[in-house]
Structures are given as C-alpha cells and as structure tokens.
Amino acid sequence: MKTLAVYEKPQLSVGIRFMLMGVDLSAYYQKTTNGYAIFLAPSNLDNNVQLSVSEIVAEFNKMAGGGLTEDDIKKKVGDDVQLALAAETDEPVQLDWSKIKFCLKMLFLNIKSETKDGKEDKSVEYALSLQIIADELLPKDIKIFNVDSLSFNIWNTQRTKVLEHMALIEPEAY
C-alpha cells in the first residue's frame with residue numbers, strides 16, 4: 001500500500017455574486033495557510049438604480065417575511081422634517097415620500113488577517129456611499145429652502161477606483 005504525503009495546509013475559497021439595491025456585487029471568503037481574506041466589491045461600478053422607500057420596504061419584507069412598514073419609516077423621519085418645514089413656511093407641508101429615491105453608489109469591504117510568528121496582522125478597508133435623491137420631495141413653490149440630493153459617505157480606503165465611484169463632494173473640484 002502506498003502512503004500519500006500531504007505537505008500543504010488545506011486552503012478554501014468561497015465566492016458569491018448577488019444584487020443589493022440594484023448593485024451587482026461580488027464577494028469571497030478565502031481561508032489561507034496563515035489566515036483568511038474577505039472581499040466585497042461591486043461588479044457594476046456605474047450604478048444609477050434609484051429605489052423609493054416603498055420599493056425598499058417591499059423588497060425587505062419579501063426577504064425577511066414582513067414586519068417593516070412604510071408608515072414606521074415615515075413616522076420616525078417625517079415628523080421632524082415636517083415640523084421644521086411648517087415652522088419655516090407657517091403652514092403644514094406634506095412630504096411626498098414617493099419622490100425620495102435611494103441610490104447605492106459604492107459598497108466595498110476588504111479584510112485580511114494573517115498570523116505570523118504567533119502574531120495576528122489584520123487590515124480592514126471599507127467604503128459605503130449612499131445617495132438620497134430628493135429633488136421632487138418638497139413643493140417647488142418653497143423658495144427659501146429646497147433639497148436636491150443628500151449623500152452619505154464613509155470610508156477608510158485610498159483605492160482610486162473605489163473613491164472615483166463614490167458620491168463625494170470635494171472642494172478641489174470647484
């Protein structure tokens with residue numbers, strides 16, 4: 001009988017492609033001889049898919065089996081906004097929630113962990129860019145204040161390709 005000798009430690013890699021808020025994403029987990037790596041990045045960098053609150057709630061409820069209502073979101077966010085606007089215009093202002101759209105511009109994650117000489121070396125990079133389009137939210141006859149869009153960005157990476165596709169407002173661009 002012949003003996004089989006294995007000299008390498010086993011390695012494992014698992015990948016998945018999926019869609020989140022209209023963005024095609026690719027992710028993988030890799031177990032290496034000295035640690036692991038987790039990576040998530042968009043497959044389609046030019047995302048302009050815009051989803052309303054009702055579309056997001058409906059999709060979430062399909063996946064999670066219900067429980068979230070559009071009224072819950074409107075109540076938590078809308079009361080404060082409507083009070084602020086009413087104070088400014090001296091009359092009640094109705095927000096048209098169907099006019100608010102969300103666009104995921106970037107979702108990126110890169111985690112690496114290696115153990116060398118008994119010490120763990122771990123690095124984490126991430127980026128999230130969410131754009132909220134609200135150009136039709138308020139009536140156009142309100143002249144003192146109106147909102148076109150709002151962007152929310154958080155990151156700790158310097159990867160050029162990632163930063164280029166985020167909805168960043170940079171003073172250098174002006």
Side-chain angles (χ1 to χ4, degrees), residues 1-77 97-134 149-173:
M1 175 182 230
K2 189 170 185 174
T3 303
L4 177 64
V6 178
Y7 297 102
E8 293 282 328
K9 290 184 180 179
Q11 296 188 44
L12 169 72
S13 178
V14 178
I16 184 171
R17 289 191 64 179
F18 62 100
M19 184 181 296
L20 177 67
M21 291 185 66
V23 179
D24 294 323
L25 296 165
S26 296
Y28 78 81
Y29 168 84
Q30 182 180 17
K31 174 73 173 112
T32 63
T33 56
N34 296 326
Y36 65 90
I38 298 171
F39 185 79
L40 169 71
S43 303
N44 173 10
L45 290 174
D46 295 322
N47 179 44
N48 288 313
V49 174
Q50 298 177 7
L51 299 172
S52 68
V53 172
S54 61
E55 291 170 320
I56 293 170
V57 167
E59 292 293 321
F60 178 81
N61 285 335
K62 277 186 210 174
M63 290 181 357
L68 182 64
T69 69
E70 192 174 344
D71 287 337
D72 292 337
I73 295 170
K74 289 177 184 179
K75 182 80 175 143
K76 288 196 185 293
V77 177
W97 286 88
S98 66
K99 303 294 184 184
I100 301 173
K101 305 287 183 181
F102 297 86
C103 182
L104 183 63
K105 300 304 276 181
M106 176 57 66
L107 183 59
F108 171 79
L109 177 66
N110 186 32
I111 300 172
K112 289 184 180 180
S113 178
E114 285 189 333
T115 303
K116 293 181 184 176
D117 301 326
K119 293 183 181 180
E120 184 180 38
D121 181 24
K122 192 171 192 176
S123 66
V124 178
E125 291 178 275
Y126 56 84
L128 169 68
S129 179
L130 180 67
Q131 189 172 28
I132 303 165
I133 298 97
S149 68
L150 169 71
S151 60
F152 173 78
N153 302 289
I154 183 168
W155 72 97
N156 79 336
T157 185
Q158 293 302 314
R159 293 175 186 247
T160 305
K161 201 171 198 178
V162 171
L163 295 175
E164 283 176 356
H165 288 84
M166 293 178 70
L168 297 175
I169 299 170
E170 297 174 335
E172 298 82 23

Once side chain to side chain donor-acceptor pair (under 3.5 Å) is applied, do any residues pair with Asn156, and if so which ones, sequence neighbours excluded?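 By the side chain to side chain donor-acceptor pair (under 3.5 Å) rule, Asn156 matches no residue at all.
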Using the test side chain to side chain donor-acceptor pair (under 3.5 Å), find all partners of Gln11 that sit at least two apart in sequence or belong to another chain. none
Can you list the residues that meet the ring pair (Phe, Tyr, Trp, His ring centres under 6.0 Å) rule with Phe108, with sequence neighbours excluded? Phe39
Measuring from [X]:[atom1] to [Y]:[atom2], what's the distance to the nearest 0.5 Å?
X: Glu125; Y: Lys112; atom1: CD; atom2: NZ; value: 8.0 Å
X: Leu40; Y: Leu107; atom1: CG; atom2: CG; value: 4.5 Å
X: His165; Y: Arg159; atom1: NE2; atom2: CZ; value: 15.0 Å
X: Leu168; Y: Met106; atom1: CG; atom2: CE; value: 9.5 Å
X: Met21; Y: Gln50; atom1: CE; atom2: CD; value: 10.0 Å
X: Leu51; Y: Ile56; atom1: CG; atom2: CD1; value: 5.5 Å

Is the shortest side-chain heavy-atom distance between Leu104 and Leu128 below 4.5 Å? yes
Any ion pair linking Glu59 and Lys62 (charged N to carboxylate O, less than 4.0 Å)?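 Salt bridge: yes.
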Non-neighbouring partners of Ser149 that pass side chain to side chain contact (heavy atoms under 4.5 Å, CB included), sequence neighbours left out: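 So Ser149 forms a side chain to side chain contact (heavy atoms under 4.5 Å, CB included) with Gln131.
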Show your working on side chain to side chain contact (heavy atoms under 4.5 Å, CB included) between Leu150 and Leu130 and close with a plain yes or no. CA-CA 8 Å; Leu150 169 71; Leu130 180 67; over 6 Å; no
State which residues pass salt bridge (Lys or Arg N to Asp or Glu O under 4.0 Å) with Lys119; sequence neighbours excluded, sorted by chain then number. none
Evaluate Trp155 against Leu163 for side chain to side chain contact (heavy atoms under 4.5 Å, CB included), listing each step before the verdict. CA-CA 9 Å; Trp155 72 97; Leu163 295 175; 3.6 Å; yes
Side-chain donor/acceptor pairs under 3.5 Å, residues 28-36, sequence neighbours excluded:
unit_1 : atom_1 : unit_2 : atom_2 : d
Thr32  : OG1    : Gly35  : N      : 3.1
Thr32  : OG1    : Gly35  : O      : 3.1
Tyr36  : OH     : Lys122 : NZ     : 3.2

Checking side chain to side chain contact (heavy atoms under 4.5 Å, CB included) for the pair Tyr126/Ile111: CA distance, chi angles, key distance, verdict? CA-CA 9 Å; Tyr126 56 84; Ile111 300 172; over 6 Å; no
Begin with the C-alpha distance, continue with both residues' side-chain angles, and end with the deciding distance and a verdict on side chain to side chain contact (heavy atoms under 4.5 Å, CB included) for Ile100 and Ile132. CA-CA 7 Å; Ile100 301 173; Ile132 303 165; 3.8 Å; yes
Show the nearest heavy-atom pair for residues Thr157 and Ala127, with the distance to one decimal.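 Thr157 and Ala127 have their closest heavy atoms at CG2-CB, 4.3 Å.
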